[in-house]
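Heavy-atom basis, side chains included; hydrogens, waters and symmetry copies ignored. We count ligands from 1, going down the list as the structure has it; atoms in each ligand are counted the same way.
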Amino acid sequence: MYLRPAGLDEALAALANTKLTVLAGGTDYYPARVGKPIDDDILDISAISSLRGIHDERSHWRIGATATWSDIIAAELPPLFDGLKLAAREIGGVQIQNAGTIAGNLCNASPAADGVPPLLALDARVEIAEAGGSRGVALADFILGNRKTLLRQDQILTAILIPKPAHSARSHFTKLGARKYLVVSIVIIAVTLEVDAGRVSAARAAVGAASAVAQRLPLLEAALIGKRCDASMREHASIEHLAPIAPIDDVRASREYRMDAGLTLVRRMLRELGRRA
Ligand SMILES: Cc1cc2nc3c(=O)[nH]c(=O)nc-3n(C[C@H](O)[C@H](O)[C@H](O)COP(=O)(O)OP(=O)(O)OC[C@H]3O[C@@H](n4cnc5c(N)ncnc54)[C@H](O)[C@@H]3O)c2cc1C
């Protein structure tokens, strides 16, 4: 069975009654099935217009689930979103950015998903809908493990909600891989800073590709509060701030390399964010 409804209610009713696999851009779904028969019943959500678009909704921004990486690159957004835009530009190549969706990246829940650290650093929530209604959940609670999320079979992730910051905010993203493009990351760093009267009033930092689920760095965040926002900010980051993520050892890099590279990237990013102040 292949369903491609135009309305969300129709999609949710179909999911409530039948076991269907949700398909958005298909850029994770199809590569995972190479060489295997594709016999799932499909619910293609790409024609549901209410899942598209990026909207300013006073207290927050709402990014529709099927907004593609190209939509994010093209959207006019404040400097708060610079990190997410940098991530979008590094996801695959242009064809993947045109087809792949932001929600697909989250629902696939790869430890190396480039969308997760910048969205954690934006304090994102996700909106989950089912036939009976919808609710919001912090992104940090949505991804449970490698390829595991809170989503049930009868639910769709409908939007990503980004709260508006209290003060002027900017963000940054960087990823390290064995080569520049089309590579699974070894470590991903994303940082958002809010700045009031030249000092950091709020900081959110996240590391991806170093553990089963991307994680915030609360010790670093706390160390940055109240610091002058200039290039010297890099001096406030230390290896102890990264230690709680207990990085993985795998074919791409050792634990020690991930710690060392993570700290170098965090410091470079803080210097860069401080320079832009
Ligand atoms: C060549 C190539 C390069 C890539 N490079 C990168 C990269 O650099 N960085 C990176 O992070 N990723 C990369 N990817 C992975 C992929 O492109 C992204 O994760 C993309 O954002 C997935 O979105 P999609 O819409 O294609 O997801 P789909 O393949 O359609 O879906 C992925 C999973 O999420 C579920 N799903 C999708 N949308 C929803 C929804 N709204 N509600 C509920 N469930 C849903 C699907 O059932 C499926 O399990 C690459 C992929 C390829 C093929």
Visitor: When you look at V22 and C107, which way does the side chain to side chain contact (heavy atoms under 4.5 Å, CB included) test go after all the steps?
Guide: CA-CA 10 Å; V22 173; C107 294; over 6 Å; no
Visitor: Around K164, counting heavy atoms of other residues, nucleotides and ligands shown, do more than 12 lie under 6.0 Å from its NZ?
Guide: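 Yes, enclosed.
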Visitor: Counting heavy atoms only, which of I188, I96, T66 is nearest atom 1 (C) of ligand 1?
Guide: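 Going through I188, I96, T66 one by one, I96 has the nearest heavy atom to atom 1 (C) of ligand 1.
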Visitor: Does an N or O anywhere in K175 fall below 3.5 Å from an N or O of ligand 1?
Guide: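 K175 vs ligand 1: N/O contact under 3.5 Å present.
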Visitor: Consider every N or O of A24 and every N or O of ligand 1, then say whether any pair is closer than 3.5 Å.
Guide: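 Such a contact does occur with ligand 1.
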Visitor: How does L151 reach ligand 1, by side chain, by backbone, by both or by neither, if only non-hydrogen atoms under 4.0 Å count?
Guide: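 Under 4.0 Å from ligand 1, L151 contributes side-chain atoms alone.
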Visitor: Using a strict cut-off of 4.0 Å, indicate which atoms of ligand 1 neighbour a heavy atom of I156.
Guide: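 Every atom of ligand 1 under 4.0 Å from some heavy atom of I156: 41 (N), 42 (N).
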Visitor: Quick check: does any side chain N or O of N98 sit under 3.5 Å from a backbone N or O of Q95, one acting as donor and the other as acceptor?
Guide: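 Judged by distance alone, no pair lies under 3.5 Å.
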Visitor: Kindly confirm or rule out an N or O of A113 lying under 3.5 angstrom from an N or O of ligand 1.
Guide: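 Min N/O separation from ligand 1 is not below 3.5 Å for A113.
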Visitor: Regarding atom 32 (C) of ligand 1: of the candidates V22, I45, D28, which has the closest heavy atom?
Guide: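 Among V22, I45, D28, the closest heavy atom to atom 32 (C) of ligand 1 comes from D28.
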Visitor: With atoms numbered from 1 as shown, which atoms in ligand 1 lie under 4.0 angstrom from a non-hydrogen atom of E90?
Guide: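 So the answer, numbered in order with elements, is 8 (O).
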Visitor: Geometry only, no angles: is A103 polar-contacting ligand 1 at N/O separations under 3.5 Å?
Guide: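 By distance alone, the answer is no.
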Visitor: My understanding is that we take every heavy atom of each candidate and find the minimum distance to atom 10 (C) of ligand 1. Doing that for N105, T149, V126, which one comes out nearest?
Guide: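 Answer by nearest heavy atom: N105.
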Visitor: Taking only Lys NZ, Arg NE, NH1 and NH2, and the carboxylate oxygens of Asp or Glu, determine whether D114 and R89 approach each other closer than 4.0 Å.
Guide: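 No salt bridge links D114 with R89.
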Visitor: Determine whether the side chain, the backbone, both or neither of Q153 has a heavy atom under 4.0 Å from any heavy atom of ligand 1.
Guide: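 No part of Q153 comes within reach of ligand 1.
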Visitor: Where do V195 and H167 come nearest, in terms of heavy atoms and distance?
Guide: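 Minimum heavy-atom separation between V195 and H167: O-CB, 3.5 Å.
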Visitor: Only heavy atoms of G104, strictly under 4.0 Å: list the atoms of ligand 1 that pass.
Guide: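 Answer for ligand 1: 22 (C), 23 (O), 27 (O), 32 (C), 34 (O), 37 (C), 38 (N).
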Visitor: Number the atoms of ligand 1 from 1 as they appear, then name those within less than 4.0 Å of a heavy atom of P31, with their elements.
Guide: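 Going through ligand 1 atom by atom, the ones under 4.0 Å from P31 are 53 (C).
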Visitor: Using heavy-atom distances, let me know which of T158, I128, T101 sits nearest atom 21 (O) of ligand 1.
Guide: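 The nearest heavy atom belongs to T101.
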Visitor: Tell me if the CD atom of E76 is crowded by more than 12 foreign heavy atoms within 6.0 Å.
Guide: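 No.
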Visitor: If you link I, L, V, M, F, W and Y whenever their side-chain heavy atoms are under 4.5 Å apart, who else ends up in the same group as F173?
Guide: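 L86, I188, all in the cluster of F173.
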Visitor: Give the numbers and elements of all ligand 1 atoms closer than 4.0 Å to a heavy atom of G92.
Guide: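 So the atoms of ligand 1 that pass are 3 (C), 4 (C), 5 (N), 6 (C), 7 (C), 8 (O).
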Visitor: Please tell me whether V207 and Y257 are part of a single hydrophobic cluster in this structure, the criterion being side-chain heavy atoms less than 4.5 Å apart.
Guide: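 Same cluster.
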Visitor: Any Lys/Arg nitrogen of R135 or E130 sitting under 4.0 Å from an Asp/Glu carboxylate oxygen of the other?
Guide: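 Looking at R135 and E130, the cut-off is not met.
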Visitor: Between I102 and ligand 1, does any nitrogen or oxygen pair lie at a separation below 3.5 Å?
Guide: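 So ligand 1 has no N or O lying under 3.5 Å from an N or O of I102.
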Visitor: Restricting to pairs with a member in residues 42-84, which pass ring pair (Phe, Tyr, Trp, His ring centres under 6.0 Å), not counting sequence neighbours?
Guide: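 Sorted pair list: W61-F81.
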Visitor: Check each heavy atom of T27 against ligand 1 and say whether those closer than 4.0 Å belong to the side chain, the backbone, both or neither.
Guide: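 It is both backbone and side chain that touch ligand 1.
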Visitor: Would W69 count as a contact residue for ligand 1, given that I'm defining contact as a non-hydrogen atom of the residue lying under 4.0 Å from a ligand atom?
Guide: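 The answer is yes, since W69 has a heavy atom less than 4.0 Å from ligand 1.
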Visitor: Check T101, N108, N105 against D28 for a side-chain hydrogen bond (donor to acceptor under 3.5 Å, both in side chains) and give me the one that passes.
Guide: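 Between D28 and the candidates, side-chain hydrogen bond (donor to acceptor under 3.5 Å, both in side chains) is satisfied uniquely by N108.
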Visitor: Enumerate the atoms of ligand 1 whose separation from the nearest heavy atom of G25 is less than 4.0 angstrom.
Guide: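 Selected atoms, number and element: 24 (P), 25 (O), 26 (O), 30 (O).
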Visitor: So that I can tick it off, tell me whether R252 and D250 are bridged by a salt bridge, with the cut-off set at under 4.0 angstrom between side-chain N and carboxylate O.
Guide: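 So D250 pairs with R252 through a salt bridge.
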Visitor: Compare G26, G115, A11 and give the one whose heavy atom is closest to atom 30 (O) of ligand 1.
Guide: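 The option holding the nearest heavy atom is G26.
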Visitor: Report yes or no: do S70 and Q97 form a side-chain donor-acceptor pair below 3.5 Å?
Guide: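 There is no such pair (donor and acceptor under 3.5 Å, judged by atom type) between the side chains of S70 and Q97.
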Visitor: Can you confirm, on distance only, whether ligand 1 has an N/O atom lying under 3.5 Å from any N/O atom belonging to I91?
Guide: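 No; the residue has no nitrogen or oxygen that sits under 3.5 Å from a nitrogen or oxygen of the ligand.
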Visitor: Just distances here: any N/O of Y29 and N/O of ligand 1 closer than 3.5 Å?
Guide: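 So ligand 1 has an N or O lying under 3.5 Å from an N or O of Y29.
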